[in-house]
Asker: 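My questions all concern the structure below.
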Amino acid sequence: PDIDAPAMPWFGMDIGGTLTKLVYFEPRETNRREIDKETEVLKNIRRYLTRNSAYGKTGRRDVHLQMENVKIRGRRGTLHFIRFPTSEVGAFLQLARSKGMADLVNTIYATGGGAYKFEEDFIKEVNMRLEKLDELDALIAGVLYVDSMNAQECYYWAPPDELPVHQHATDSPPYSEAALSLYVRKPYDFSSPYPFLLVNIGSGVSMLVVNAPDDYYRVSGTSLGGGTFLGLCCLLTGCSSFEEAISLAASGDNTTVDKLVRDIYGGDYARFGLPADLVASSFGQMASAERRAKVSREDLARATLVTITNNIGSIARLCASNENIERVVFCGNFLRVNPLSMKLLSYAMSYWSRGALKALFLEHEGYFGAVGCLLHLDL
Ligand code: ADP
């Protein structure tokens, strides 16, 4: 172990537009006994974090994402993944103060807009200085590190039989539950990934061309992201959480909301290979008062999800083909508990590129920026 390593506890933090992500490194028992003269305060913080999975009203630990036996700066231990709404930063600071954090850590590596916005609150409330890192630097460092530590990190959604989905020009998009349920999750070997397009779907969306660990640039983005999905869903359905929006969408049918090629052509637009079931105009049916009267909350949520997802897919595909890139990696918390969007993106990437593009996903979804900050302890 590195004797110059900073004192425990080790955290990385990403204070995003919607969610704050906190990654905590718990050193292994043997290490602790040998090396740390662990103080009472430190012990209490470790126990509090690792023995609970809920903190206050809104803090959650994603226990299923926990990573055992990882190595950081010569130390082995466990990574814990915690999130809470950024609107609750005040409550988080109070909790941290009540646990004695103000006496321990004086610097925490942080990224995301909130690292700037809340800088003074951290100093005032818990005597903590935020060492700010660029969020895209942190994101890429986090992705590469987590993938190197977890063989199962990267996966894709295989279409039925893994036949190329573009085989028939007018194959229907898989909007039906029956078609979507045929997609199965399979591991993807991401050991030689370059170049790849990294699409981070948070509140907004950033798209990065990554050529090597230290060679990347931001090619594009869109403000129509996860925040837009949730905001529009709340407006249209009266729902009040992301989980509720996703579960409404999961049982809805967007074809009562969207205008399809079929609604306009009566069937396929065969000349240009556009299948009858393809959305021609998102929300296009909602200009009719009669149809509005009949539409359900579930259908509206589904249409919102399909609209936002397909728009992101479409921009990602254009960027990838422009840059001659075959692998498109999607991450960000919009994909949390959201297999529907992942399957739609998988279909869209493959269909519209005639099978040339592959959509890939990462198990730790929205935590890479925070992990990237934790790694900064290495520098
Ligand atoms: P940011 O850093 O901008 O906060 P994230 O990658 O954390 O971005 O993603 C935020 C998005 O994730 C939200 O806009 C929403 O679509 C989705 N999301 C997933 N889980 C939640 C949740 N529990 N609360 C709010 N939004 C969530």
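Counting convention: from 1, in listed order, for ligands and their atoms alike.
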Asker: Please list the nearest protein heavy atom to atom 8 (O) of ligand 1 with its residue and the distance rounded to 0.1 Å.
Answerer: Gly202 CA, 3.2 Å

Asker: Return the closest protein heavy atom for atom 20 (N) of ligand 1 as residue, atom name and distance.
Answerer: Arg336 NH1, 2.6 Å

Asker: Here's one to test your reading of the geometry: is the NZ or CZ of Lys99 within 45 degrees of the ring axis of Tyr48 and under 6.0 Å from its centre?
Answerer: yes

Asker: Specify side chain, backbone, both or neither for Lys21, according to which of its non-hydrogen atoms lie closer than 4.0 Å to ligand 1.
Answerer: side chain

Asker: Is it true that the side chains of Thr256 and Asp253 contain a donor and an acceptor less than 3.5 Å apart?
Answerer: no

Asker: Distance under 4.0 Å to a non-hydrogen atom of Gly226: what atoms of ligand 1 satisfy this?
Answerer: 14 (O), 15 (C), 16 (O)

Asker: Considering non-hydrogen atoms of the protein only, which is the closest contact for atom 3 (O) of ligand 1, and what is the distance?
Answerer: Ser203 OG, 2.6 Å

Asker: How far is atom 24 (N) of ligand 1 from its nearest protein heavy atom, and which residue and atom name does that atom have?
Answerer: Leu19 CD2, 3.8 Å

Asker: Before signing off on this row, confirm whether Gly332 and ligand 1 have an N or O atom pair separated by under 3.5 Å.
Answerer: no

Asker: Does Arg327 make a cation-pi contact with Phe196 (under 6.0 Å, within 45 degrees of the axis)?
Answerer: no

Asker: Check whether the side chains of Asp263 and Gln285 place a donor and an acceptor atom closer than 3.5 Å, and report yes or no.
Answerer: yes

Asker: Charged N to carboxylate O under 4.0 angstrom, Arg185 versus Glu363?
Answerer: yes

Asker: What protein heavy atom sits nearest atom 15 (C) of ligand 1, and how far off is it?
Answerer: Phe242 CD1, 3.6 Å

Asker: Hey, does Thr18 come in under 3.5 Å of ligand 1, counting only N/O atoms on both sides?
Answerer: yes

Asker: Answer yes or no for Lys358 and Tyr156: cation-pi contact, defined as NZ/CZ to six-membered ring centre under 6.0 Å and angle to ring axis within 45°.
Answerer: yes

Asker: Quick one: which ligand 1 atoms are inside 4.0 Å of a heavy atom on Glu243?
Answerer: 23 (N)

Asker: So, is Phe334 polar-close to ligand 1, with some N/O to N/O distance under 3.5 Å?
Answerer: yes

Asker: Are Phe92 and Phe84, when compared by the centres of their aromatic rings, separated by less than 6.0 Å?
Answerer: yes

Asker: Out of Leu335, Val337, Ile246, Asn333, indicate the one that has the non-hydrogen atom closest to atom 12 (O) of ligand 1.
Answerer: Asn333

Asker: Would you say Gly227 has any N or O atom under 3.5 Å from an N or O of ligand 1, going by distance alone?
Answerer: yes

Asker: Might you point out which heavy atoms bring Cys373 and Gly12 nearest each other, and give the distance in Å?
Answerer: CB-CA, 3.8 Å

Asker: Can a side-chain donor-acceptor contact be found between Asp299 and Ser296 if the only test is distance below 3.5 angstrom?
Answerer: yes

